[in-house]
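Along the sequence shown, residues are numbered consecutively beginning with 1. Because the structure is a prediction, the values reported are computed rather than measured.
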Amino acid sequence: LALAQRALALEATHTGSLCLAGDMQIQLGGITEALALYETARELSQDHATTYRANMGLASGLRLTDDYQGALEALRTAEQAADSKAENLAEISFQRGNLYFPLGDIDACLAAHQAALEHARVAGLSYLEARAHGGMGDAWYMRGRVGTAHEAFDRCIALAETREDAWLRAGNLCMRGVTRFYGNDLEGAWKDSEDCIIQARRIGHRRAEIVARLA
C-alpha cells in the first residue's frame, strides 16, 4: 500500500496505481477507501483494461458492504469491458457466484462457479480453476450436499498447494474442516482446523481463522 501511495504522490491520476492501492485497501479492511480509489480510476479510465479492473474492484468492495445489487451492476459493466477474454470471464463468474451465495440463490451460485471453472480451464490458469472449485464447494455446502462440497474444497486445496497459494489454501482449508466434521471425521476436522489457524494467523487471513476456530 505504501508503494502504491508513493506512486500516486508522483502521479495522482495514474489508474493502475489507483487500482493497486484499492486492492491493498481491500486486503487491509479499508473498504471505504478502496471504493473511493476504484471509483476515481473508473472515472479516469480511457481503456477497457482499466474499466474492467476498476469495476471488478468496485464489485469486491461493494460485496463486503452488503451492496449486492451494486456489486452485480459493477460486474455487468466489467463484463462489457472484458473483451471476451477467458481469464476475465472466469473472474467475473467467480465474483457473481460469491454474490449469489449471500443472496441465497443456490442454483445461480452453482451455475456461476461452474462457468468460472469452464472459463478458467479455457484460460489454462490453475489459480482461477482452484478458486472456482472453492466456490462450488460453498454452493454445494449451502445446498446440503456436504460430501460433494468436501470433494470440491479438496480439489481447490490441492491446486492451491501446487501453486503455494497460502491465502486460497487457508480460505478453503477451514471449510474442508467443517465438511469433515459433518462427515463424522472429527480427527480430520481438528487437524484441518488447527492447520488453518496456524497458517491464517501467519498471513493475516482473519475470516479463515474465525471459521476454523468455530469448527
Side-chain angles (χ1 to χ4, degrees), residues 1-83 85 87-105 108-109 112-113 115-116 119-120 125 127-128 130-132 134-135 138-139 142 165-168 170-172 174 200 203-211:
L1 177 59
L3 290 170
Q5 289 171 334
R6 173 61 180 154
L8 289 171
L10 296 170
E11 187 179 342
T13 60
H14 189 270
T15 54
S17 300
L18 286 163
C19 288
L20 179 59
D23 294 345
M24 297 302 98
Q25 289 285 11
I26 288 281
Q27 294 295 327
L28 293 168
I31 309 305
T32 301
E33 295 84 351
L35 290 173
L37 289 160
Y38 292 131
E39 190 61 56
T40 301
R42 182 165 73 168
E43 291 171 359
L44 295 171
S45 175
Q46 296 182 344
D47 57 69
H48 280 187
T50 303
T51 299
Y52 168 80
R53 188 175 178 190
N55 278 283
M56 290 300 293
L58 279 171
S60 296
L62 291 170
R63 179 174 71 89
L64 294 173
T65 62
D66 297 338
D67 184 355
Y68 303 129
Q69 295 306 320
L72 287 169
E73 181 58 37
L75 288 182
R76 283 189 283 271
T77 304
E79 192 165 22
Q80 294 170 3
D83 295 329
K85 293 180 180 178
E87 177 180 359
N88 293 348
L89 295 176
E91 290 183 336
I92 291 168
S93 296
F94 175 73
Q95 289 284 16
R96 277 209 180 103
N98 288 344
L99 289 166
Y100 288 133
F101 182 88
L103 289 170
D105 192 336
C109 178
H113 286 305
H119 290 307
L125 295 171
Y127 81 96
L128 290 176
R131 287 169 59 184
D138 286 335
M142 183 164 59
D165 188 333
W167 189 270
L168 184 61
N172 288 272
C174 58
I203 63 177
H205 198 327
R206 293 180 178 178
R207 177 189 173 280
E209 184 182 354
I210 288 169
V211 176

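Summarising the geometry of Ala21 relative to Leu8, their closest heavy-atom pair is CB-CD1, 4.1 Å, with the distance given to 0.1 Å. Looking at every heavy atom in both residues, Met142 comes nearest to Gly104 through SD-CA, 4.5 Å. Between Ala34 and Gly22, the closest heavy-atom pair is CB-O, 3.5 Å. For the pair Leu62 and Thr65, the tightest heavy-atom approach, listed with the atom from each and the gap, is O-OG1, 2.9 Å.
For residues 52-63, every residue pair satisfying the side-chain hydrogen bond (donor to acceptor under 3.5 Å, both in side chains) rule, not counting sequence neighbours, is listed here: Asp23-Arg53, Arg42-Asn55, Tyr52-Glu91, Ser60-Gln95.
Atom CG of Leu28 has more than 12 heavy atoms from other residues, nucleotides or ligands within 6.0 Å. Counting heavy atoms of neighbouring residues, nucleotides and ligands inside a 6.0 Å radius, atom CZ of Arg6 does not exceed 12 of them.
Of the possible polar contacts, none joining the Ser93 side chain to the Ala90 backbone as a donor-acceptor pair under 3.5 Å is found. For Asp83 (side chain) and Lys85 (main-chain N/O), no donor-acceptor pair under 3.5 Å exists by modelled atom type.
In this structure the side chain of Glu43 never reaches within 4.5 angstrom of the side chain of Thr13, judged on heavy atoms. Side-chain contact between Asp47 and Thr15 is absent, with no heavy atoms from C-beta onward closer than 4.5 Å.
Distance check, rounded to the nearest 0.5 Å: CG of Leu20 to CG of Leu3 gives 8.5 Å.
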* To do: May I have the step-by-step check of side chain to side chain contact (heavy atoms under 4.5 Å, CB included) for Thr77 and Leu58, ending in yes or no?
  => CA-CA 11 Å; Thr77 304; Leu58 279 171; over 6 Å; no
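Take Phe94 and apply the ring-ring contact (aromatic ring centres under 6.0 Å, His included) test, not counting sequence neighbours, and it matches His113.
Taking 4.0 Å as the cut-off between side-chain N and carboxylate O, Glu209 and Arg206 do not count as a salt-bridged pair.
For the 3.5 Å distance criterion, the side chains of Ser45 and Thr51 qualify, holding a donor opposite an acceptor.
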